[in-house]
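The shown structure was predicted, so the numbers you read here are calculated from the model rather than taken from an experiment.
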Amino acid sequence: ERRKELVKVMKKQAEETRVSLRNIRRDANEELKALKKEGGLTEDEERANLERMQKLTDEYIAKIDDAVVHKEKDILAV
């Protein structure tokens, strides 16, 4: 039972981390759009940077998911 509780807590923390990453991405995207509006970025630069932010977010979320799967196996192994 205790192991299942630990897995549940771990998954909750992983979801909170994913949400934090998404919030960081959103803030960065807003800054990029503001820069474009001010004339500091071209439309192509903005699009390239938005895509880069999305790729980084996807990469780190995948790392979190992999870590959760691996750790869950460790915790539930007897």
Next item on the list: Using the salt bridge (Lys or Arg N to Asp or Glu O under 4.0 Å) rule, collect all pairs that involve residues 51-60, keeping only residues at least two apart or in two chains.
Entry: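 Checked against salt bridge (Lys or Arg N to Asp or Glu O under 4.0 Å) - neighbours excluded - the pairs reaching residues 51-60 are E59-K63.
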Note to self: For N23, give me all partners under side chain to side chain donor-acceptor pair (under 3.5 Å), at least two apart in sequence or on another chain.
What the structure shows: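 Testing N23 for side chain to side chain donor-acceptor pair (under 3.5 Å), a comparison that skips the adjacent residues, returns R26.
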Next item on the list: Using the side chain to side chain contact (heavy atoms under 4.5 Å, CB included) rule, take N29 and N49 through it: C-alpha gap first, then chi angles, then the decisive distance, then the call.
Entry: CA-CA 8 Å; N29 288 349; N49 284 310; over 6 Å; no
Using 0.5 Å steps for rounding, measure from the [atom1] atom of [X] to the [atom2] atom of [Y].
| X | Y | atom1 | atom2 | result |
| --- | --- | --- | --- | --- |
| K33 | K36 | NZ | NZ | 9.5 Å |
| D65 | T17 | CG | OG1 | 11.0 Å |
| L21 | E16 | CG | CD | 12.5 Å |
| D74 | M10 | CG | CE | 9.0 Å |

Notebook entry, point to check: Are V7 and V68 side-chain neighbours, meaning at least one heavy-atom pair lies under 4.5 Å?
Noted result: no
Check: Quick one: do E1 and K4 make a salt bridge, cutoff under 4.0 Å?
Finding: no
Next item on the list: Only counting residues at least two apart or in another chain, list the ones meeting side-chain contact (heavy atoms from CB on, under 4.5 Å) with T42.
Entry: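 For T42, the residues satisfying side-chain contact (heavy atoms from CB on, under 4.5 Å) (neighbours in sequence not counted) are D44, E45.
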Check: With R22, which residues qualify under side-chain contact (heavy atoms from CB on, under 4.5 Å), at least two apart?
Finding: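 Per chain and number, R22 pairs via side-chain contact (heavy atoms from CB on, under 4.5 Å) with E15, R18, V19, R25, I61.
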Note to self: Please check this pair: side chain of R3 against backbone of L76, looking for a donor-acceptor N/O pair closer than 3.5 Å.
What the structure shows: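 A pair under 3.5 Å: no.
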Margin query: Holding to salt bridge (charged side-chain N to carboxylate O under 4.0 Å, His left out), I want the full list of residues that pass it with E43, two or more places apart in sequence or in another chain.
Written below: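 Expected list: R47.
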Notebook entry, point to check: Who else is in the cluster with M53 when I, L, V, M, F, W and Y are joined by side-chain contacts under 4.5 Å?
Noted result: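 L32, L35, L41, L50, all in the cluster of M53.
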